[in-house]
Number of protein chains: 2
Amino acid sequence: MGPKRQPTLDEVAARAGVSRSAASRVINNARHVSQAKRDAVERAVAELGFVPNPTARALATQQVGAVVLALSHHDPAQFTDPFFAQIVLGVNAELEKTELELLLVLADTTQGQARLQRILRSRRADGVMLMALHGDDPLAALADQHDVPVVFGGRPLHAEPRWYVDADNRGGSRLATEHLIGLGRRHIAVITGQMDTEAGTARHRGYLDAMAVAGLDPSRVEHGDFSEAGGAAAMTRLLAAYPEVDAVVAGSDATAAGALRALKAHGRTVPGDVAVIGFDDLLTALHTDPQLTTVHQPVHGLGREMAKMLLSLIAGEEPHPLILPTRLVRRASA
Amino acid sequence: MGPKRQPTLDEVAARAGVSRSAASRVINNARHVSQAKRDAVERAVAELGFVPNPTARALATQQVGAVVLALSHHDPAQFTDPFFAQIVLGVNAELEKTELELLLVLADTTQGQARLQRILRSRRADGVMLMALHGDDPLAALADQHDVPVVFGGRPLHAEPRWYVDADNRGGSRLATEHLIGLGRRHIAVITGQMDTEAGTARHRGYLDAMAVAGLDPSRVEHGDFSEAGGAAAMTRLLAAYPEVDAVVAGSDATAAGALRALKAHGRTVPGDVAVIGFDDLLTALHTDPQLTTVHQPVHGLGREMAKMLLSLIAGEEPHPLILPTRLVRRASA
DNA sequence: GTAGGGCCCGGGAGCGCTTCCAATAACCCT
DNA sequence: AGGGTTATTGGAAGCGCTCCCGGGCCCTAC
């Protein structure tokens, strides 16, 4: 292990021959310090290798210098979805411009939720980003209870939080469905995501929108859970119930990948027999065979915007909720 | 936003009619407090909704109550690999048993590295887990410079850190190669991972071990980068250079998936024409067609063991480095 | 009867930093 | 030259908690 204790501000001040206050002003480059003293302090800092102690600073300023990203999901495996990795990456990108640290809280278990509670109540962080809420998620209620700004990533099912960033799920799904209709498909099914999430229901509604406009039968529906396995299972049920199906809009790329697998297993060709459209446009969409036509949502941007919004909240501003656009990416599967 | 300021320990003490010291003893359930006072304090805590301020506590105890998981990679996209998600999950599982928070540092950019430096020097965390080091990674050197315990996940290329958790990469890769040999394959190629990582070179050596024992030609090698795209590209080069190839051991599951894609594109069947073995046994191994025979490494366990080791280091113990076993998982691709 | 030897208990000194404040010093203008 | 700013200073009071210490008490043992 390492050498000695880190030097304190007092030691720096002593070495520079100034008061602690002056030294403090220098390292925070505040005003009211003569150039001479400023130089002296800076030299001392360099010589001693001084780094301010964030804990002490936090105690004095009442600002922790950290924010939490809380990912809520029922099944830990969900976290494996590259979707979350992209979110983290986006958040991180924005945070890197600041001095804020990122606290990651996986709030799947009740354990994790208790932990998040504790963090909020004890002001262990200056703000919170909350992702992926299911309908019954008790986390949703936490937002108002504490004196800490909370930004939602996606919306909880039955509430409109004060601050959130979301993607235009409904619009994107409608786009996808319209594309299939434009292709001449008429027996278009949908494999939804989890229906206890806003994203799941919104994407389903987008499908319903487009089908209604075209006057098509919107009843071919099976529920998935955003996962590959769930998509495959739903596709199998779909084929059994509606063998005439000639297109399917899936709740996510993983869902679509699963559907592709099931379709292949049942001897249907894609896009020949059945056209498939995903949602997300993650890297997986490129690795399927055929490559997925899908609805692009700016996942990285979603993370970035969440962080930005939180930052502006922390700065005392009043940002507006944000809904990011989605767009269709045409590839081989539809 | 929320209500008022959180109550302080002084307020709790006042309300309970005891000294602050006594109140402190109660919430840390230390000894030397009468049952009566204990009850009084506990009642006050409940009534006031008191939660100790971690910052103040950290300042007083010199223990931050947080550890960092630092993921180092050159390309942010690498983080998207579910491998990292599993690591995070494993670490989190172990940390959930404690009161420690998880600080996530993505040390890809020089920005991120500076940040990690800062964290170490300012004692913003009680310990560090460092993952995925490339050979030239400056992070590797940080371990000894600071008074903070550091556990490595995987080893850096040219150094044997004091504390690390790794998988038996060499042994696993040897197992895979032996399996192919046992299948009667004789023109076995290898697509390596990044050769500036320990995992990359160790897996290559495992292949060399097995080939040497069998007296086979080990020169059919192309370098990948653990990614799907890299695997596909390498496979294409392999086919051009060594059309006789009848098996390939890949540096990772993603690499194998890419190889599968390239093989299919070139009209080779798997495992008929060419057998393929991956490494990792992530979920992706189940989603390829055919499903991947692969070397299982306990990724989740790797995360868990890193956390455990760090915990024991923080507790002042002297754990030993740990190499986790790998094993062959037979599925359809070989 | 009294000298220990536990327990409780509260006072108070920090942990390392920020920041208010009163005291000086420097500077401007007319 | 003098009154009024405006800039620098260092002292000192916290931020909210932990923990060392010394003072009481009560019990036991001699």
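Per chain, numbering begins at 1; letters A, B, ... match sequence-line order. Worth saying up front: this structure is predicted, and the values here are computed from it rather than measured. As a basis for the values below, the full set of heavy atoms in this structure was taken, side chains included, without hydrogen atoms, waters or symmetry mates.
Within the nucleic acid shown, Thr8(B) comes within 4.0 Å of sugar-phosphate atoms alone, with no base atom in reach, counting heavy atoms only.
In terms of heavy atoms, Val64(A) sits closest to Asp126(A) at N-OD1, 2.8 Å. Closest of all the heavy-atom pairs between Leu310(A) and Met129(A) is CD2-CG, 3.8 Å. Scanning both residues, Ala30(B) and Arg38(B), for their nearest heavy atoms gives O-NH2, 3.1 Å. The minimum heavy-atom distance between Leu120(A) and Val148(A), with the atom names listed, is O-CG2, 4.0 Å. Nearest heavy-atom pair, Val299(B) versus Gln86(B), reported as atom, atom and distance to 0.1 Å: CG1-CB, 3.4 Å.
Atom CD1 in Ile27(B) sits about 9 Å away from atom C1' in dT18(D), given to the nearest Å. Summarising the geometry, the separation between CZ on Arg121(A) and C1' on dG16(D) is reported as 17 Å, rounded to the nearest angstrom. With rounding to whole Å, Phe50(A) atom CZ is found 8 Å from dC17(C) atom C1'. Atom pair Asp10(A):CG and dG16(C):C1' shows a separation of 8 Å (rounding to whole Å applied). Straight-line distance from the CG atom of Asn28(B) to the P atom of dC19(D): 7 Å, rounded to whole Å. For Arg57(B) and dC15(D), the CZ to P distance is 19 Å, given to the nearest whole Å. Glu11(A) has its CD atom 8 Å from the P atom of dG16(C), to the nearest Å.
Residues Asn92(B) and Phe79(A) form no side-chain contact, since every pair of their non-hydrogen atoms from C-beta on lies 4.5 Å or further apart.
No donor-acceptor pair under 3.5 Å is formed between the side chain of Glu94(B) and the backbone N or O of Val91(B).
Residues of residues 58-65 of chain A that place a heavy atom closer than 4.0 Å to DNA chain D, in numerical order, are Leu59(A), Ala60(A), Gln62(A).
A salt bridge links Arg162(B) with Glu318(B); the closest basic N to acidic carboxylate O contact falls under 4.0 Å.
The side chain of Ser21(B) has dG12(C) as its nearest neighbour among dG12(C), dT19(C), dC17(D). When the nucleotides dC17(C), dG11(D), dT18(D) are ranked by their closest atom to the side chain of Asn53(A), dC17(C) comes out on top.
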For nucleotides 5-9 of chain C, tabulate all protein N/O to nucleotide N/O atom pairs closer than 3.5 Å, reporting atom names and distance.
| unit_1 | atom_1 | unit_2 | atom_2 | d |
| --- | --- | --- | --- | --- |
| dC8(C) | OP2 | His32(B) | N | 3.2 |
| dC9(C) | OP1 | Ser34(B) | OG | 3.0 |
| dC9(C) | OP2 | Ser34(B) | N | 2.6 |
| dC9(C) | OP2 | Ser34(B) | OG | 3.0 |

> Would Arg118(A) and Glu101(B) satisfy side chain to side chain contact (heavy atoms under 4.5 Å, CB included), going step by step from the backbone distance to the final call?
Replying inline: CA-CA 11 Å; Arg118(A) 241 184 32 226; Glu101(B) 307 300 339; 3.2 Å; yes
